[in-house]
There are 2 protein chains.
Amino acid sequence: MTSLHQRIFEDIEQKIMSGTWPPGQRIPAEHELEVTYGCSRMTVSKALSALAARGMIVRRRRAGSFVASPQIDRTVMDISDIGTEAKVAGHAYSHRILSRRIERLSAVDAAVIEETAGAEVLRVECLHIVDGRPNALEKRMILLDAVPQARDETFETSPPGSWLLDQVPWSEAKHIIRAVAADAATAKLLTIERHAACLLLTRQTWQNGRTVTFVEITHPGDRYQFAGVFHPSK
Amino acid sequence: MTSLHQRIFEDIEQKIMSGTWPPGQRIPAEHELEVTYGCSRMTVSKALSALAARGMIVRRRRAGSFVASPQIDRTVMDISDIGTEAKVAGHAYSHRILSRRIERLSAVDAAVIEETAGAEVLRVECLHIVDGRPNALEKRMILLDAVPQARDETFETSPPGSWLLDQVPWSEAKHIIRAVAADAATAKLLTIERHAACLLLTRQTWQNGRTVTFVEITHPGDRYQFAGVFHPSK
DNA sequence: TAGTGGTCTAGACCACGGG
DNA sequence: CCGTGGTCTAGACCACTAT
């Protein structure tokens with residue numbers, strides 16, 4: 001038996017995650033939810049406080065509660081440029097789409113991401129350039145079942161990562177970070193020496209248990225790092 | 001004006017962080033705190049629930065609430081062995097202390113960790129061995145002002161990281177992950193080739209704004225990875 | 001069995017800030 | 001101004017579990 005405040009929490013979480021209540025949407029006031037669920041205000045308040053604590057909603061006196069904007073990537077770690085860590089702002093950023101094609105998921109890839117083979121995926125390769133130097137090579141798969149609107153997107157104006165964050169709320173992400181030696185093709189694209197140490201970030205993102213995207217990002221090891229500040233628990 | 005449940009939260013947090021209430025210590029029952037603070041049970045409950053949500057205490061019916069054990073490193077990411085990821089248990093672990101000495105913080109090191117030069121630090125180098133292969137080289141500084149009991153510790157029975165977690169609760173940690181090429185000395189200790197790609201994890205830990213320890217851990221890139229599952233916010 | 005936390009109620013007063 | 005969320009009360013019943 002799940003508690004009532006938990007059920008209210010999950011109901012609202014579901015409406016936000018599914019996009020039924022988009023960012024900025026006003027949530028029913030506490031008093032309205034009291035009536036809807038036939039419970040006291042404390043119970044509603046507990047659920048809404050929990051949602052606010054997780055950053056899913058923003059609560060403002062007199063105005064009401066609103067669905068928060070999609071969270072940016074900093075959840076895990078900030079990605080900072082070793083050479084220019086100081087000047088947080090002022091980066092010249094651009095990107096280049098190297099390739100883009102739609103195919104069906106091979107058995108091998110399906111096993112890796114634990115989805116069913118044959119599903120339609122959009123594969124995109126993208127080079128990220130900061131201050132004139134390539135700083136990341138991105139190889140991405142987007143599951144078209146989960147993100148059908150990606151089918152006709154060229155990613156010319158917005159790179160795949162940012163574009164996806166705007167389109168799809170995510171509920172879970174798994175990250176793996178490894179150190180690898182650059183292969184010939186990667187070395188050439190990143191203008192580094194072959195076998196140079198690189199950071200390889202693999203990220204798989206889900207929405208309600210369904211894979212949205214799977215991406216491998218290779219950074220030159222001498223120019224980039226991952227950094228994050230954490231507090232216990234959470 | 002800070003709310004009462006917040007004040008209760010902070011009072012207890014302080015007692016835990018300062019070590020006044022060590023791990024395992026029983027916390028006064030809700031009813032006792034009602035009397036102490038002269039408030040209702042709901043107010044106490046709100047504070048204790050928040051502490052439990054942050055993992056600082058564990059609550060058990062009939063038994064009471066207890067200060068949680070210091071959290072293990074998984075806060076950031078699990079460190080898993082690529083080759084033996086499957087067998088979560090069953091690793092043969094051992095460690096070897098390579099060096100141990102007390103010195104005063106040089107100006108350069110002081111600048112790096114943003115502490116005052118001249119402070120006494122214990123420097124320890126430690127090799128971690130899993131299933132017969134070296135898997136990490138740890139170079140650590142422990143601030144003796146913050147952890148005086150480290151002065152006479154040999155770390156023979158427990159490696160510095162685990163020992164510290166048992167001794168000192170931490171309130172903040174900063175991690176940086178880089179990819180680097182192994183230098184000659186590191187390569188020899190880790191039995192890998194020189195210039196092989198390695199993951200370099202740098203971690204600085206604070207307690208109430210004071211640096212407790214600063215550590216650099218080098219992992220062979222082909223054998224290790226960092227992985228973590230995350231949810232939005234946090 | 002008895003003490004503890006988990007949940008919930010039906011009120012209340014207040015502070016904030018948008019209209 | 002006045003609706004909203006923030007906080008708090010003084011109870012209540014129940015589930016769990018150590019003893």
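Throughout, a chain's letter reflects where its sequence line sits, starting with A, and its residues are numbered from 1.
Per the geometry, CG belonging to A:Leu33 stands 18 Å off P belonging to D:dG3, to the nearest Å. Protein atom CZ of B:Arg59 is 18 Å distant from nucleotide atom P of D:dA15, rounded to whole Å. Following rounding to the nearest Å, A:Glu32 (CD) and D:dT4 (C1') show an atom-to-atom distance of 11 Å. For the pair A:Glu34 CD and D:dG6 P, the interatomic distance rounds to 14 Å; values are reported in whole Å. Spacing between atom CD of A:Glu30 and atom C1' of D:dG6 amounts to 8 Å, rounded to whole angstrom units. Counting to the nearest Å, the P atom of D:dT9 and the OH atom of B:Tyr37 are 13 Å from each other. Taking atom NZ of B:Lys46 as the reference point, atom P of C:dT7 lies 14 Å away to the nearest angstrom.
Within 4.0 Å of A:Ser65, counting heavy atoms only, lie sugar-phosphate atoms of the nucleic acid but no base atom.
Residue pairs satisfying the salt bridge (Lys or Arg N to Asp or Glu O under 4.0 Å) criterion with at least one member in residues 17-34 of chain A, sequence neighbours excluded, are listed as follows: A:Glu30-A:Arg41, A:Glu30-A:Arg59. Screening residues 147-160 of chain B for salt bridge (Lys or Arg N to Asp or Glu O under 4.0 Å) gives B:Glu120-B:Arg151 as the qualifying pairs, with residues at least two apart or on separate chains.
Side chain of A:His219 to backbone of A:Leu200: no donor-acceptor contact under 3.5 angstrom is found. Put simply, the side chain of A:Gln204 never gets that close to the backbone of A:Thr211: no donor and acceptor are under 3.5 Å apart.
Here the side chain of A:Arg26 is nearest to one of C:dC8, D:dC8, D:dT4, namely D:dT4.
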Cut-off 3.5 Å, no hydrogens considered: what does the side-chain donor-acceptor table look like for residues 137-146 of chain B, sequence neighbours left out?
residue	atom	partner	partner atom	Å
B:Glu138	OE1	B:His128	NE2	2.5
B:Glu138	OE2	B:Arg140	NE	2.7
B:Glu138	OE2	B:Arg140	NH2	3.2
B:Arg140	NH1	B:Thr213	OG1	3.1

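Remark: B:Gln149 engages B:Gln167 in a side-chain hydrogen bond (donor to acceptor under 3.5 Å, both in side chains) (not counting sequence neighbours). Checked against salt bridge (charged side-chain N to carboxylate O under 4.0 Å, His left out), B:Arg7 has the following partners two or more places apart in sequence or in another chain: B:Asp11. Here A:Gln6 pairs with A:Glu10 under the side-chain hydrogen bond (donor to acceptor under 3.5 Å, both in side chains) rule; sequence neighbours left out. With sequence neighbours excluded, no residue satisfies side-chain hydrogen bond (donor to acceptor under 3.5 Å, both in side chains) with B:Thr36.
Phosphate contact (OP1/OP2 of C:dG6, side-chain N/O of B:Ser45, threshold under 4.0 Å): absent.
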Contact string for nucleotides 10-19 of chain C, one letter per nucleotide 5' to 3', B = base within protein heavy-atom range under 4.0 Å, S = sugar-phosphate only, - = neither, reads B-B--BBBBS
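For the contact set between residues 3-12 of chain B and DNA chain D, defined by any heavy atom under 4.0 Å, the members are B:Ser3, B:Leu4, B:His5.
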